[in-house]
Protein chains: 2
Amino acid sequence: MADDELRALLDRHDLAGVQGWLDAHPPHVIADELARLDGTAAGVPFRLLEKDRALAVFEELEPIDQQAILAGLRDQAFRDLVEGMDPDDRARMLREAPAKVAKRVLAGLSAHERQMTAALLGYPAGSVGQIMTPEAVALPRHLTAGQALQAVRDKGAQVETVYTLPVVDAGRCLIGVTGLRDIVLSSPDRPVVELVDADVPRVSATDPAEQAARLMRETNTLALPVVDSEDRLLGLLTIDDAVEVIEAADTEDVTRQAASGPWPGHYMAVSVWRLARSRAPWLVLLIVASVLTVNVLQVFEATLEAVTALALFIPLLVGTGGNAGAQAATSAVRAIAVGELRGSDLPAVIWREARVGLLLGAVLALVGLTVGTVLVGGDIAVVVGLSLVAICAWAATVGATMPLLAKRLRIDPAVVSAPMVTTLVDATGLIIYFLIAHAVLNL
Amino acid sequence: MADDELRALLDRHDLAGVQGWLDAHPPHVIADELARLDGTAAGVPFRLLEKDRALAVFEELEPIDQQAILAGLRDQAFRDLVEGMDPDDRARMLREAPAKVAKRVLAGLSAHERQMTAALLGYPAGSVGQIMTPEAVALPRHLTAGQALQAVRDKGAQVETVYTLPVVDAGRCLIGVTGLRDIVLSSPDRPVVELVDADVPRVSATDPAEQAARLMRETNTLALPVVDSEDRLLGLLTIDDAVEVIEAADTEDVTRQAASGPWPGHYMAVSVWRLARSRAPWLVLLIVASVLTVNVLQVFEATLEAVTALALFIPLLVGTGGNAGAQAATSAVRAIAVGELRGSDLPAVIWREARVGLLLGAVLALVGLTVGTVLVGGDIAVVVGLSLVAICAWAATVGATMPLLAKRLRIDPAVVSAPMVTTLVDATGLIIYFLIAHAVLNL
């Protein structure tokens with residue numbers, strides 16, 4: 001019997017077999033079999049169904065069985081089940097769910113539960129789908145403004161916001177959005193389709209939340225409509241959630257810039273251990289990288305023994321190079337974060353920063369020359385001055401280039417922290433310094 | 001004659017004399033005299049009036065003369081006039097203007113013009129007054145929800161937002177705010193005072209905009225009511241402006257963290273000169289500060305000559321100390337920016353960061369010991385290991401302390417940049433290193 005077959009496959013955790021069984025049966029048969037399973041168990045075959053078929057099966061189910069499936073998908077037990085699967089099976093479970101099902105699964109959940117559950121509906125970590133509200137007053141396209149106002153009065157109490165009102169067609173595909181303001185201010189018999197604001201973009205539930213949040217900022221909207229891959233309305237991304245996303249992203253970027261991981265929660269509430277753990281990995285990586293400076297200096301140890309005075313300027317030179325590199329890296333990371341720089345700007349950025357670095361180096365060389373002359377005298381002062389020009393130009397170029405390279409390699413540019421640039425520039429800066437010393441001092 | 005007297009004082013730029021004249025005459029006489037001057041000239045005595053008297057004079061003016069004064073206050077010529085005054089006189093001109101006048105001066109201006117003009121109404125740079133919108137549908141307290149909806153229909157087309165509706169008393173003092181949603185959803189005969197949302201805080205036009213913007217984020221409000229020092233409604237701070245303030249403040253903090261000034265406009269559009277200028281002042285300051293490291297090394301020059309191997313670890317040690325300090329400083333700056341740290345937390349933070357630094361130092365010392373042993377052997381490896389523990393604890397403590405000290409001294413904590421901490425820690429780190437070297441190596 002068919003039901004025994006499906007249950008047996010599920011009991012054996014044979015997901016490939018379940019998939020085969022699903023492919024071999026029509027929606028009404030699948031619906032019958034799912035109705036016999038409990039919600040959590042039924043969730044597995046249901047989420048393995050390809051999207052259109054999932055919707056067809058869902059429509060075949062009795063309302064009470066639909067509820068069981070929805071409850072199952074929301075369930076902690078189902079989340080645990082999916083967590084425990086091997087990655088391939090899990091990926092198959094996490095394909096985009098039908099909009100109708102997704103909205104009903106997410107409805108009524110708290111923000112935290114919604115975030116936990118959204119992953120099971122095919123919205124990846126950090127995506128719009130995880131923070132959108134599934135509740136909105138969707139206006140059918142044939143309504144007038146007066147009818148729309150009545151719809152807001154009827155359904156407005158249950159939703160998070162009534163200020164942004166999506167307008168949808170008969171298939172729940174998004175036509176556009178209008179605002180309660182336009183509904184209230186226009187004459188009651190005006191069709192809502194005439195009030196649609198063409199400037200409000202739509203975002204996909206699988207889009208990165210940070211990108212959508214910055215888009216909201218740029219377009220000055222209070223809420224963006226969220227759609228699935230077939231343009232069906234899933235919900236709204238509201239400005240308060242967007243602001244939180246922007247602030248969290250900025251905090252992460254800021255702490256990353258200092259080569260520290262973000263820590264969870266309030267600074268004063270986090271344990272000393274946790275704080276140390278958020279910083280230790282980068283520090284260890286950086287100290288290992290800076291062993292390179294020891295190697296470089298070993299190469300030039302004879303030079304150091306001959307002219308000990310050269311050692312005096314090592315912290316000043318590597319420090320200044322590090323500072324110049326950190327400035328350039330931070331500028332570039334921020335410009336990328338707020339959307340001012342793209343990967344393709346790389347050559348232009350190299351050319352810009354090389355010139356900025358040369359200018360800065362020239363200014364600093366004057367300081368270096370003066371200090372060097374006063375403290376140790378002529379020759380070494382010239383070495384220090386020339387080194388500052390070369391190191392600054394090099395540091396600024398490297399600092400700005402690395403975040404852009406990271407972006408091209410699809411790594412988060414904010415990972416290129418100021419300390420990382422500093423450490424990298426330290427070793428190369430020393431090489432520059434000693435090569436210039438050899439040339440100028442005829443060593 | 002009185003009018004000749006006032007005009008003569010103005011022509012002589014004798015503002016103390018104008019002030020004396022104003023003090024000596026009743027509002028209706030002052031109004032008569034102002035009406036004879038052109039708007040720009042009338043602006044000077046008008047803005048010198050103490051607030052209550054300014055309102056009384058304004059009320060005495062004919063509508064056409066009120067318009068002339070309002071236009072005068074908005075005028076570029078008046079701005080230039082005030083700019084050119086000496087600081088004491090200017091400060092007197094920039095005291096808070098009456099709410100009624102301020103709202104009408106700002107109405108209809110573009111965001112940029114509004115920002116330029118707000119300063120003349122007594123709202124300092126970076127204050128809420130410079131970015132608020134003066135337009136709002138203010139609901140008199142005696143209205144019902146139905147009447148309020150009608151008020152929105154009547155006046156809503158001219159204002160920036162109708163979603164947040166301030167409720168005011170007969171003197172235009174703010175009672176609280178309600179939302180269009182509540183108005184639409186409640187029965188038409190319900191009084192609006194019953195719909196006031198007690199959770200929405202009010203901000204003063206002179207409050208810092210960043211603080212107000214972060215408050216909006218925390219309270220998830222779409223707009224905050226802005227009041228003057230007598231609680232009279234001035235306008236609304238809307239979320240889109242608040243988000244822009246937060247993003248700009250974060251950009252400034254981020255660039256400051258790398259010891260770079262913010263640059264105006266788009267990264268790719270700013271000239272190389274301008275970019276260099278935004279970075280040069282800090283770099284110069286830092287290189288001058290790092291001359292201290294040269295001095296420290298000069299003190300220990302004999303030690304360096306005796307044990308050149310000690311020089312090999314200088315970049316590694318100062319680099320690691322700098323990184324640990326930068327992490328702590330950035331954490332503290334961000335925690336202060338998002339409101340998690342106050343000046344009074346200083347002792348607790350010192351205690352936390354000293355322990356975090358010791359933990360990190362212990363981990364890094366293992367790396368240092370290993371590397372030191374492999375590359376140069378036992379004794380110096382011990383010096384490097386011990387120095388790492390001491391330098392990390394010191395750097396983390398100093399790094400987290402400096403932004404808090406800055407806050408206590410009412411300096412922007414973000415000024416305490418990672419490079420500044422790094423540079424400071426460099427010199428002290430070297431002292432720690434050589435003291436430990438002397439002790440361990442019996443020099």
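Letters go in sequence order (proteins before strands), and every chain restarts at 1.
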Legend entry - Toward chain B, the part of L430(A) with a non-hydrogen atom under 4.5 Å: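 For L430(A), the contact with chain B is made by the side chain alone.
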Inset, instruction - Pick one of side chain, backbone, both or neither for S271(A), based on which atoms fall under 4.5 Å of a heavy atom in chain B. - result: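 The answer is the backbone of S271(A).
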Where on [X] is there a heavy atom nearer than 4.5 Å to chain A: the side chain, the backbone, both, or neither?
X: L364(B); result: both
X: I314(B); result: side chain
X: L388(B); result: side chain
X: V284(B); result: both
X: A328(B); result: both
X: L180(B); result: both

Inset, instruction - Under the side chain to side chain contact (heavy atoms under 4.5 Å, CB included) rule, collect the residues that match up with T221(B), sequence neighbours excluded. - result: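 For T221(B), the residues satisfying side chain to side chain contact (heavy atoms under 4.5 Å, CB included) (neighbours in sequence not counted) are V200(B), M216(B), T219(B), L224(B).
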Inset, instruction - Can you sort out the partners of Q298(B) under side chain to side chain contact (heavy atoms under 4.5 Å, CB included), two or more places apart, ordered by chain and number? - result: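 Residues passing side chain to side chain contact (heavy atoms under 4.5 Å, CB included) with Q298(B): L312(A), L375(A), V376(A), N295(B), E301(B).
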Inset, instruction - Measure from the side-chain N and O atoms of R217(A) to the backbone N and O of E247(B), and report whether any donor-acceptor pair falls under 3.5 Å. - result: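 A pair under 3.5 Å: no.
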Legend entry - Minimum-distance pair of heavy atoms, taken over all atoms of A157(B) and L185(A):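 Taking every non-hydrogen atom into account, N-CD1, 3.8 Å.
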